[in-house]
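To start, the structure itself, in structure tokens.
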Amino acid sequence: MTELLKINLPDGSVREMEPGSTPADVAAAIGPGLAKAAIAARVDGELRDINRPFESDSELALVTARDEDDALELARHDFAHVLAEAVQALWPGTQITFGPSTDDGFYYDVKAPADRDPFSMDDLPAIEEKMREIIKADKPLRREVWSRQQLIDKWEAEGEAFKAEWARELPENEELTVYWSGEDWLDMCRGPHLASTGKLDPQAFKLMRVAGAYWRGDQKNAQLTRIYGTGWLNKKQLNAHLTRLEEAAKRDHRKLGREMDLFHLQEEAHGSVFWHPNGYRIWRQLEAYMRRKMDKAGYREIKTPQVMDARQWEQSGHWGKYRENMFVIPDEVPNTEEDGPVISGEADWMALKPMNCPAHVLVFKQGITSYRDLPIRLGEMGCCHRNEPHGALHGLMRVRQFTQDDAHIFCTEGQVVEEVQAFLALADTVYRDFGFSYDIKLALRPEQRFGSDADWDKAEQELRDALTANGLEWEELPGEGAFYAPKLEWHLTDAIGRTWQVGTIQSDRVLPDRLDATYVGEDGEKHRPVMLHRAIFGSYERFIGILIEHFAGRLPVWLAPTQAVVATIVSDADDYAKEAVGKLEAAGIRVDSDLRNEKINYKVREHSLAKVPHLLVVGKREAEEGTVAVRTLGEKDQRVMSLEEAIDMLRTEATPPDLR
RNA sequence: GCUGCUGUAGCUCAGUGGUAGAGCGCACCCUUGGUAAGGGUGAGGCCGGGAGUUCAAUCCUCCCCAGCAGCACCA
């Protein structure tokens, strides 16, 4: 007589089940509706196959499509397996490796057989077709426990070198499982999975692209082809996602930058930005804003050299740790008598600064500093050059020349927490002014680091203390800190839910030491200051790129390159339009006139596409009455008001948020 | 840096082994029109750079450069 298993359900009831029964059996016992709806189970909190037998008395929660996070996770993981199966069905000899779910879908890393080229976009329709076949065949997905040797033998027999390698290295104490798809295909997988491929909606996925990816994420390893798909529970969700992607593409700052004539990039200076008048107007507004914020927060602005001798970079540690990202130049006047510039090879080396911090320490070191002077907050709109890997460059988001709203706070040990707290508050006001919400992450000590564990303990705890004191929540990222310091990172969420890393603060005890920065303490002795590296925008380039995408080009009036255009309907209104422009300019508004011989429809369209916030239309009527017809971007209606009212309105809207 | 794809007019893109086309934009002319494209005419291109194959290369091959997507890195 075997003992029955006690299965506790979320409503508090208990079902007694035969040994070997499964969550599916429980669902069936409860009712046919649930039996049909249940796609997986949470057993003692762990997501599991619906057909995996209970091992003991358990807490059970049945998972249905209404548990969207779990359902999506399962579906995407299954889509990945179906993808791998489809690729192998189409091209026998393809090696398979890994296929996880992602935020919006799934991917599978595969290696094409030796007798064909790597997979390309052109192969995707055929793969999709085969995937639909597999889904429609409704192949049962069955879990089986295998021994390590069984797995290794199978993978080696089939020439699956990557899988075999992985099977060898799976953790000792883990139960090793495979999942059968029908009777003819299987993959090594921890699971869980849906009961059969037919549980997937064949219209709810789409293969998106192929890309290279390294085996186990390491550049030294073989490069595989990663096939990306997006996967959902139904076609409606898929379409909604595809619409979101189109929306994101419309917001692409590279596209809008061209359309709005903000900046350009060209190959002769790839990775560095040519700012056009419109784009630099945005920059200047941001810079003026940030100067006011920093001035009020007790920072003093400095300007330091672009190029410094290599000896300086050796001392700061950059020469050793950062040289491959630095632009290095010979300190020699080249001999140009030959065809080209000739360098003797005996020159001393100089380097463009990739960071501002060493120069700031040098400023700090001038003269003798008393503890009474601390904290000293040195700010710089610091232009830095980093020779980034070519593949990393991306519009304004990742460039080789960029300007940081940088500052370094030199303070005593005892001042660190309060300085971090003040910075937390300052950063908060800035991000709010732009309408961003954010998450804070605390990046903890990396494997390779300078400094003692005691210092790291202290530095990490100081950041936590400041966060706690300000009532903020954060997420910790082990191993992600800089080699000299733990750091807080601000991750902004934009209007369509994407996140961007911008601001940071890092507490550093290494650089003051390397560059021998000291202050005289109350005791008359020399002490090391702590140095806080911090930025809020991060870089102007990236921040402007984020703003463009966040606002889809429709920048708030205070940032808009052109805040208003006065457009005439008939040339009889030209003189009045010029008068209006003069008054608007006198009121500090960035305004253009459009007196061209074009219809008003045409002008409205053009300035709307250029994302000008307000169009002031003037015809005969307005000229006679001293009014303007204001058409605001995004609205269909016009509002007629006196020129003075319009100026007041624009002046109000054009006031930067910190001056309101 | 790695893998794949791409590079044709200012922009978006067609196209062909016999030195090129569209739409938008631009210039000029007509039109003075009330809230998202009025009409006409015209000027723009060393078809990313270099080498090779060929009677002939924008097109095929190789190398380089840049862009895009991802990876790996990062503000």
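The figures that follow rest on heavy atoms only: side chains count, while hydrogens, waters and symmetry mates do not. Per chain, numbering begins at 1; letters A, B, ... match sequence-line order.
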task: Mind checking salt bridge (Lys or Arg N to Asp or Glu O under 4.0 Å) for Arg596(A) and listing every partner two or more places apart, or none if nothing turns up?
output: Asp594(A), Glu606(A)

- prompt: C71(B) C1' sits how many Å from Tyr108(A) OH, rounded?
  reply: 18 Å

- request: Mark yes or no: Arg284(A) above the aromatic ring of Trp275(A), with NZ or CZ under 6.0 Å from the six-membered ring centre and no more than 45 degrees from the axis.
  value: no

task: Could you check which residues of residues 278-287 of chain A get a heavy atom under 4.0 Å from RNA chain B? Sort them by number, please.
output: none

Length of the CG-P vector between Leu396(A) and G67(B), whole Å: 13 Å

field: Shortest side-chain distance from Arg209(A), nucleotide among C74(B), A69(B), C71(B)
entry: A69(B)

- request: Not counting sequence neighbours, which residues clear side-chain contact (heavy atoms from CB on, under 4.5 Å) with Arg226(A)? List them please.
  value: Tyr107(A), Asp109(A), Ala213(A), Tyr228(A)

statement: What residues 260-271 of chain A contributes to the RNA chain B interface at heavy-atom separation below 4.0 Å is Glu267(A), His270(A)

- request: Rounded to the nearest angstrom, tell me the gap between atom OH in Tyr431(A) and atom C1' in A75(B).
  value: 10 Å

message: Both conditions, 6.0 Å and 45 degrees, for the charged tip of Lys321(A) above the ring of Phe450(A): are they met here?
response: yes

message: Please classify the nucleic acid contact of Phe543(A) as base, sugar-phosphate, or nothing, using heavy-atom distances under 4.0 Å.
response: nothing

query: Using 30° and 60° as the class limits, which term best fits the ring planes of Phe436(A) and His550(A): parallel, tilted or perpendicular?
result: tilted

task: Would you mind building the protein contact string for nucleotides 32-44 of chain B? One character per nucleotide, 5' to 3', B for base within reach (heavy atoms under 4.0 Å), S for sugar-phosphate only, - for untouched.
output: BBBBBBS------

Nearest-angstrom distance, P atom, U3(B) to A56(B): 34 Å

query: Residues two or more places apart in sequence or in another chain: which of them pass side-chain contact (heavy atoms from CB on, under 4.5 Å) with Tyr322(A)?
result: His318(A), Asn325(A), Met326(A), Pro354(A), Met355(A), Arg386(A)

task: Whole angstrom is fine here: how far is it from CG in Leu393(A) over to P in C73(B)?
output: 16 Å

message: Any base atoms under 4.0 Å from Arg254(A), or only sugar-phosphate, or nothing? Heavy atoms, all strands.
response: sugar-phosphate

query: With rounding to whole Å, what would you report as the distance between A20(B) and C47(B) at their P atoms?
result: 10 Å

Salt bridge (Lys or Arg N to Asp or Glu O under 4.0 Å) partners for Glu476(A), two or more places apart: Arg464(A)

- line: Secondary structure of RNA chain B per the Watson-Crick/G-U criterion (both distances under 3.5 Å; [ ] crossing, | other strand, . unpaired) is (((((((..((((....[..)))).(((((.......))))).....(((((..]....))))))))))))....

- prompt: Base, sugar-phosphate, or nothing: which does Lys111(A) touch, judged by heavy atoms less than 4.0 Å apart?
  reply: nothing

task: Among residues two or more places apart or on two chains, list those pairs meeting salt bridge (Lys or Arg N to Asp or Glu O under 4.0 Å) that have a residue in residues 621-631 of chain A.
output: none

query: Counting only heavy atoms not in Glu635(A), do more than 12 sit closer than 6.0 Å to its CD atom?
result: yes

- prompt: With under 30° as parallel and over 60° as perpendicular, where do the rings of Trp166(A) and Trp215(A) fit, or are they tilted in between?
  reply: perpendicular

message: For A75(B), is there a stacking contact with Phe537(A), counting only centres under 5.5 Å and planes under 30°?
response: no

Which atom pairs link the protein and nucleotides 12-14 of chain B when you take only N or O atoms and keep those under 3.5 Å?
residue: U12(B); atom: OP1; partner: Arg258(A); partner atom: NH2; Å: 3.0

- request: Might you work through the side chain to side chain donor-acceptor pair (under 3.5 Å) test for His533(A) and Gln506(A), ending with a clear yes or no?
  value: CA-CA 5 Å; His533(A) 306 242; Gln506(A) 308 159 12; 4.6 Å; no

field: Residue pairs involving residues 265-283 of chain A (criterion salt bridge (Lys or Arg N to Asp or Glu O under 4.0 Å); sequence neighbours excluded)
entry: none

task: Among Lys293(A), Arg377(A), Arg291(A), find the one that has a salt bridge (charged side-chain N to carboxylate O under 4.0 Å, His left out) with Glu301(A).
output: Arg291(A)

Any donor-acceptor N/O pair, Asp405(A) side chain to Ile536(A) backbone, under 3.5 Å: yes

message: Treating Glu380(A) as the side-chain partner and Thr304(A) as the backbone partner, does any N or O pair qualify as donor plus acceptor under 3.5 Å?
response: yes

- prompt: In whole Å, what is the span from the CG atom of Asp104(A) to the C1' atom of A69(B)?
  reply: 14 Å

task: Just jot down the side-chain hydrogen bond (donor to acceptor under 3.5 Å, both in side chains) partners of Glu480(A), sequence neighbours excluded, or say none.
output: none

